[in-house]
Amino acid sequence: MTRILSVQSEVSYGFVGNSAVVFALRRIGVDVWPVNTVQFSNHTGYPSWRGPRLTPIDEAEIVRGLDELGILGQLDGVLTGYLSGPSMGRQIMAAVQLVKRRRPTALYCCDPVLGDDETGFYAAPGHLSCSANRRCRWHRSSRRTASSWPH
């Protein structure tokens with residue numbers, strides 16, 4: 001069974017981030033380990049939203065807990081989405097590097113969630129430079145579908 005660490009947003013209303021990917025990937029037999037970067041009422045493309053942002057320390061503690069279980073080496077990949085800001089981006093890249101040390105063949109797939117064609121750029125200030133500096137590149141023509149993950 002394919003195992004994926006999914007580090008993304010969680011929303012109560014709508015289907016983005018872990019709110020969408022966990023169910024979909026589990027339905028096709030992928031074991032998804034969700035780590036939420038935020039817990040919002042809805043995604044930030046709406047005029048308003050409410051809810052907490054996890055801190056980079058919170059995210060690091062969750063990943064450290066998984067590492068202490070000795071299970072990061074079982075991962076086939078890491079999928080990241082909405083990061084909530086540059087400091088979270090740096091922490092997530094540290095988590096990706098840790099997973100790659102535990103399992104060098106693990107894939108890393110990044111959807112930087114910077115904005116939409118219709119609404120424009122809406123990511124947190126500094127997010128784009130963090131993504132670019134960490135070589136987190138995204139091209140529409142290279143999107144991978146869930147069916148392209150190894151099973």
Side-chain angles (χ1 to χ4, degrees), residues 1-69 71-72 74-100 102-103 106-131 134 136-138 140 143-151:
M1 173 182 281
T2 301
R3 292 178 180 92
I4 304 295
L5 180 68
S6 179
V7 185
Q8 304 190 58
S9 62
E10 174 79 20
V11 297
S12 295
Y13 175 75
F15 301 99
V16 297
N18 281 333
S19 301
V21 77
V22 172
F23 177 75
L25 289 178
R26 285 180 176 163
R27 289 284 294 151
I28 62 169
V30 175
D31 186 10
V32 182
W33 305 351
V35 175
N36 298 330
T37 56
V38 300
Q39 177 65 56
F40 285 164
S41 55
N42 49 272
H43 71 70
T44 59
Y46 286 93
S48 67
W49 65 92
R50 302 267 183 210
R53 297 173 187 264
L54 274 72
T55 69
I57 293 169
D58 296 330
E59 192 271 340
E61 284 296 299
I62 293 168
V63 172
R64 182 165 38 157
L66 296 172
D67 193 34
E68 288 171 354
L69 290 174
I71 59 176
L72 290 182
Q74 298 174 17
L75 287 168
D76 296 295
V78 178
L79 173 63
T80 60
Y82 186 80
L83 306 181
S84 76
S87 60
M88 182 64 82
R90 287 186 291 277
Q91 177 53 47
I92 288 172
M93 290 311 301
V96 169
Q97 291 168 353
L98 178 60
V99 169
K100 294 290 277 181
R102 301 293 184 254
R103 184 151 192 197
L107 298 175
Y108 174 50
C109 295
C110 172
D111 177 358
V113 189
L114 300 174
D116 293 311
D117 289 336
E118 297 83 27
T119 58
F121 185 79
Y122 56 72
H127 183 83
L128 183 60
S129 63
C130 173
S131 294
R134 299 294 178 192
C136 178
R137 304 280 191 231
W138 177 70
R140 288 184 192 167
R143 285 187 188 169
R144 293 184 79 177
T145 63
S147 63
S148 67
W149 284 93
H151 292 281

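Taking 4.5 Å as the limit, some side-chain heavy atom of L75 sits within range of a side-chain heavy atom of W33. L66 places a side-chain heavy atom less than 4.5 Å from the side chain of L5. Here the side chains of I28 and L25 are in contact, with some heavy-atom distance below 4.5 Å. The shortest side-chain heavy-atom distance between I4 and V21 does not fall under the 4.5 Å cut-off. With a 4.5 Å cut-off on side-chain heavy atoms, L79 and Q8 count as touching. Side chains of V38 and Y82 form a contact here, defined as non-hydrogen atoms less than 4.5 Å apart. Put simply, the side chain of V7 does not reach to within 4.5 Å of the side chain of V63, judged on heavy atoms.
No donor-acceptor pair under 3.5 Å is formed between the side chain of R102 and the backbone N or O of I71. N42 places a side-chain N or O within 3.5 Å of a backbone atom of S48 that can act as its donor or acceptor partner. A donor-acceptor pair under 3.5 Å is formed between the side chain of N18 and the backbone N or O of S6. Remark: the backbone N or O of R50 is paired with a side-chain donor or acceptor of S41 at under 3.5 angstrom. Checked by atom type and distance alone, the side chain of D76 pairs as donor or acceptor with a backbone atom of R3 at under 3.5 Å.
Counting all heavy atoms, side chain and backbone alike, R103 lies closest to Q74 at NH1-O, 3.1 Å. In terms of heavy-atom proximity, V99 sits nearest to A106 at CG1-CB, 3.9 Å. Across G14 and V11, no two heavy atoms sit closer than the pair O-CG2, 3.7 Å. Closest of all the heavy-atom pairs between Q91 and A60 is NE2-CB, 3.3 Å.
To the nearest 0.5 angstrom, E59 atom CD is 10.5 Å from N36 atom CG. Taken to the nearest 0.5 Å, the CD atom of Q97 stands 10.0 Å off from the OH atom of Y108. From L72, atom CG reaches atom CG of D67 across 4.5 Å, with rounding to the nearest 0.5 Å. In this structure, the separation between CG on L54 and CD on E61 is 11.5 Å, given to the nearest 0.5 Å. Distance check, rounded to the nearest 0.5 Å: CE of M88 to OG1 of T80 gives 11.5 Å. Rounded to the nearest 0.5 Å, atoms CG (L107) and NZ (K100) are 6.5 Å apart.
By the salt bridge (Lys or Arg N to Asp or Glu O under 4.0 Å) test, D58 pairs with no residue at all, sequence neighbours left out.
Residues F40 and H43 place their aromatic rings such that the two centres sit no closer than 6.0 Å.
At most 12 non-hydrogen atoms from other residues, nucleotides or ligands lie less than 6.0 angstrom from CD1 of I57.
Residues S19 and Y13 bring no donor and acceptor atom of their side chains to less than 3.5 Å of each other.
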